[in-house]
Number of protein chains: 4
Amino acid sequence: MSPKVSDAYKEERRAAILEGALQCFADKGYPATTVDDIVRRLGISKGALYNYFASKEEMFTALMEERMERLIVGVKGERYDTIPDAAGKLSLIMRRFQRQALQELRPLLAFYLEFSLQASRREELRQVMLRHEETAVAFIREVIEEGIRSGEFRPDLDSGEAASLFWALRDGIALQFIGSGEDEQYQVLMRGMERMLLLYANKRPEG
Amino acid sequence: MSPKVSDAYKEERRAAILEGALQCFADKGYPATTVDDIVRRLGISKGALYNYFASKEEMFTALMEERMERLIVGVKGERYDTIPDAAGKLSLIMRRFQRQALQELRPLLAFYLEFSLQASRREELRQVMLRHEETAVAFIREVIEEGIRSGEFRPDLDSGEAASLFWALRDGIALQFIGSGEDEQYQVLMRGMERMLLLYANKRPEG
Amino acid sequence: MSPKVSDAYKEERRAAILEGALQCFADKGYPATTVDDIVRRLGISKGALYNYFASKEEMFTALMEERMERLIVGVKGERYDTIPDAAGKLSLIMRRFQRQALQELRPLLAFYLEFSLQASRREELRQVMLRHEETAVAFIREVIEEGIRSGEFRPDLDSGEAASLFWALRDGIALQFIGSGEDEQYQVLMRGMERMLLLYANKRPEG
Amino acid sequence: MSPKVSDAYKEERRAAILEGALQCFADKGYPATTVDDIVRRLGISKGALYNYFASKEEMFTALMEERMERLIVGVKGERYDTIPDAAGKLSLIMRRFQRQALQELRPLLAFYLEFSLQASRREELRQVMLRHEETAVAFIREVIEEGIRSGEFRPDLDSGEAASLFWALRDGIALQFIGSGEDEQYQVLMRGMERMLLLYANKRPEG
DNA sequence: CATGAATGAGTCTTCATTCAT
DNA sequence: AATGAATGAAGACTCATTCAT
């Protein structure tokens, strides 16, 4: 007799399950994660879980569809919009990535990589992945175009290409640290990435 | 006195199995690939396979150790050593990657990413991965140091960092194209990578 | 909120599985018994079995620990403690063994010998076996010491040695009848054993 | 063109294989022994082995049929027949068993036990086993009857029963030491066995 | 005769999913 | 809805036996 409440409750429950599944997938990988792992972590029963998801795969796909953006792009900070110059914005974004300790980054990276891999093999997921990439590229591209318009960056810079390289660098660095490596070394590379990109984007110094 | 077949035969057999396993791992991922998949693809029996490899994992590891080695070292072409300048060498290396059609490259890339992923979760594989990374970085680092010594690259360039960024870029670009994407766009990015790196090393591109 | 079946049910189930396993091990021997054999005999699924035991070996061990215990302790009948003299107790114990028809005894004997055999080759089982032997020897030894204290048995009798000989005789006789042999002949030997032991303990049989 | 030589050679070969198989079966048990184990120990090829025996089982059966007696009864020593009294003969036989170190005894005991077990399950082997037991019992029985005739042992002694108890004791003691235990303790029990049996057989001291 | 690579049925074990309660 | 015991189809790996050389 309280369908509204029930719906909210169900939504909450579903989200909680997804959260637990995400942790498990990140920890052990999708195939290695058992449904028992997930229910154990959540302290619920298998029957309960299967009330919300028809299969383990459905959880994976749902995570991909619903969490992907939140996972990777959650960068726009509170004060992001107050930064006047494009280079500053890019720097802020990269600093965000740097600040995150590797320890907490790793599971998510692993999960992201797993997503990419799975997506490369299954058409339905590929679409999700593509959409995500486009969002990510568009986000950076906008900043770069802002920089080109304002004269901070060289006018012949291909904003799409540069945005792709941005993400390539970020992902490639992440990949190097997915298994092991020190925070310090990670930050060195992230700073290198920053310098390299700004150098690439900038009007040539004295050109 | 005879099925003591030649060592060459056995080596060939082993290589064929590895090749089949690579295809399977690339297609479906390591955990999702069954030994039956591999065996079926090769048209041999399970026993035959287990004559050459003690476990599925051993194939996976061997592939990483032997195949990826080849991928890197295979870059050193016939005329590689005759190139006088470091920038030229780097360019050649990157051109190599560009020349390979994505279609051929994808299985290898997928395998490589898959290995990274698995390696992030299992100590034995991590060691193999680390060794591979060291080899790869050292290879590029050497070229960069040559460039620094010759004055082509700026003297304050950190060769290790630059080499890591090199591979980060390459891997990140690869990641973007694992699932889909056009050869043309891929080559655009690879050229972007080349320009960006040389600029970073302070070697102005001819343009 | 329910297939959380009662503990009693689970205990029953577990016992039933053990019973089936015992029959199989006795019939075909431990290594030759497949989990499928056990499951087929019980009419359950493999998954069900593995809900109760983590491995085939665990069943084997549990059987030794729980069943054989019962075999020994089960000898202590209701009126066992009311018997005043040690010789009477020993006799009772031996009569127990005699009373059991060979047909019933055989599977247990076969299992016991099988366990001894396997235990001779695997450390984990050896421990279980040792514990069992100690329990068994201690049980008889106590009775013998009681007899020594009461003067029924000669004072220089080594109770440990005698207890070992007791079990050696029983096991040796069992071994002779595992495969074939008549109940009658079995009982003749068991009576011989009784006389021999009491004579050795220096308690002249009535005869 | 030399069938006689060839036959001898073949017989030798066969015997060698059987010997190797015996060692393996004793070490690891029949089911756990692989044909590869046997072949490796002998330094021959599988094809060679299968020229002499049609199956692993055939080796086991052949061993049982051909080696059984040699294994257990090889007791009649050089000077055995010169001993005048029955008790002395029995003692000598038991001393033989005692002298053998447990370490070398164990594999054979394990094998013997395995035989018994297998024999209890398969009709063809049961016959072999029975014949062996009869031989063994008859051997001891003869000595005992000699003792009865000479007045050393009590006239009402049932020689068959006593012989069976003899072997039961010996096998039971062996069983106790199959997995572990010290030589010293083993010898203590064997001496206990000797005393117990002679006491049982003897005219009652002063009756 | 000897060789040992190849075969493939068979082994134990796991785990996604179902369903009686 | 929730529970968790039960199911049974895989999965990785083994090994007795065969057979081309």
Side-chain angles (χ1 to χ4, degrees), chain A residues 6 9-10 13 31-40 42-59, chain B residues 1-6 9-10 13-14 17 31-40 42-59, chain C residues 1-6 9-10 13-14 17 31-39 42-59, chain D residues 6 9-10 13 31-40 43-59:
Chain A
S6 181
Y9 171 75
K10 281 174 71 170
R13 205 89 209 273
T33 296
T34 70
V35 174
D36 270 318
D37 286 335
I38 301 174
V39 303
R40 210 177 306 126
L42 290 166
I44 65 174
S45 76
K46 280 204 271 208
L49 188 152
Y50 275 93
N51 273 339
Y52 293 92
F53 296 93
S55 68
K56 180 178 147 185
E57 170 156 352
E58 199 177 290
M59 286 186 277
Chain B
M1 210 168 282
S2 264
K4 183 173 254 178
V5 298
S6 72
Y9 169 80
K10 285 173 72 168
R13 206 86 211 280
R14 204 188 112 98
I17 290 172
T33 297
T34 70
V35 174
D36 271 316
D37 286 336
I38 301 174
V39 153
R40 210 176 307 125
L42 290 164
I44 65 173
S45 73
K46 268 202 279 226
L49 187 151
Y50 277 95
N51 269 347
Y52 293 89
F53 296 93
S55 67
K56 184 176 141 183
E57 174 159 339
E58 197 175 295
M59 285 185 276
Chain C
M1 212 167 280
S2 264
K4 182 175 256 180
V5 297
S6 70
Y9 169 81
K10 284 173 72 169
R13 206 87 210 280
R14 204 189 110 98
I17 291 172
T33 296
T34 71
V35 174
D36 271 316
D37 286 336
I38 301 174
V39 152
L42 289 165
I44 64 173
S45 74
K46 271 202 276 223
L49 187 152
Y50 276 95
N51 268 348
Y52 293 89
F53 297 94
S55 67
K56 184 177 143 184
E57 173 159 341
E58 198 176 293
M59 286 185 277
Chain D
S6 183
Y9 170 76
K10 280 174 75 170
R13 206 86 209 276
T33 296
T34 70
V35 174
D36 270 316
D37 286 336
I38 301 174
V39 155
R40 211 176 306 126
I44 65 174
S45 76
K46 282 204 271 212
L49 187 151
Y50 275 92
N51 274 339
Y52 293 91
F53 296 93
S55 68
K56 182 179 146 185
E57 171 156 353
E58 198 176 293
M59 286 185 276

Item checked: Gap between atom CZ of B:R14 and atom CG of B:N51 - 0.5 Å precision ->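 Rounded to the nearest 0.5 Å, the CG-CZ separation comes out at 13.0 Å.
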Check: How many angstroms lie between atom CD1 of C:I17 and atom OH of C:Y50, to the nearest 0.5 angstrom?
Finding: 11.5 Å
Return the value, rounded to whole Å, for the distance between atom [atom1] of [X] and atom [atom2] of [N].
| X | N | atom1 | atom2 | result |
| --- | --- | --- | --- | --- |
| C:L49 | E:dT14 | CG | C1' | 13 Å |
| B:Y50 | F:dC15 | OH | P | 13 Å |
| B:R14 | E:dA5 | CZ | P | 14 Å |
| B:E58 | F:dC13 | CD | P | 10 Å |
| D:I38 | F:dA16 | CD1 | P | 8 Å |
| C:E57 | E:dT11 | CD | P | 18 Å |
| B:N51 | F:dC15 | CG | P | 13 Å |
| B:I17 | E:dA5 | CD1 | C1' | 11 Å |

Choosing from [options], which nucleotide comes nearest the side chain of [X]?
| X | options | value |
| --- | --- | --- |
| C:K56 | E:dC1, E:dT13, F:dT17 | E:dT13 |
| A:Y52 | E:dC1, E:dT13, F:dA2 | F:dA2 |
| C:Y9 | F:dA5, E:dT17, E:dT11 | F:dA5 |

Checklist line | First of A:I44 and C:S45 reached from the 5' end of DNA chain F, by closest nucleotide | finding: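 Comparing both residues, the 5'-ward one is A:I44.
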Notebook entry, point to check: Between B:G47 and C:G43, who's closer to the 5' end of DNA chain F by nearest nucleotide?
Noted result: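 It is C:G43 whose nearest nucleotide is closer to the 5' end.
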Checklist line | Side-chain donor/acceptor contact of D:K46 with base of F:dT17 under 3.5 Å | finding: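 Result: at least one qualifying N/O pair found.
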Next item on the list: Hunt down the Watson-Crick or G-U wobble partner of F:dA12, both distances under 3.5 Å, from any strand shown, or write none.
Entry: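 WC or wobble partner is E:dT11.
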Next item on the list: For E:dA20, give its Watson-Crick or G-U wobble partner with both distances under 3.5 Å, or none.
Entry: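 Its partner is F:dT3.
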Margin query: For A:A54 and C:S55, find the nucleotide of DNA chain E closest to each by heavy atoms; which residue's nucleotide sits nearer the 5' end?
Written below: C:S55
Minimum-distance pair of heavy atoms, taken over all atoms of [X] and [Y]:
| X | Y | answer |
| --- | --- | --- |
| C:E58 | C:Y52 | OE2-O, 4.2 Å |
| C:L49 | C:V39 | CD1-CG2, 3.8 Å |
| D:T33 | D:K56 | O-NZ, 2.7 Å |

Note to self: Using a heavy-atom cut-off of 4.0 Å across all strands, would you classify A:R40 as base, sugar-phosphate, or nothing?
What the structure shows: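 A:R40: no heavy atom of the nucleic acid under 4.0 Å.
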Notebook entry, point to check: Does a side-chain N or O from D:R13 land closer than 4.0 Å to OP1 or OP2 of E:dA2, or not?
Noted result: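 For E:dA2, OP1 or OP2 has a side-chain N or O of D:R13 closer than 4.0 Å.
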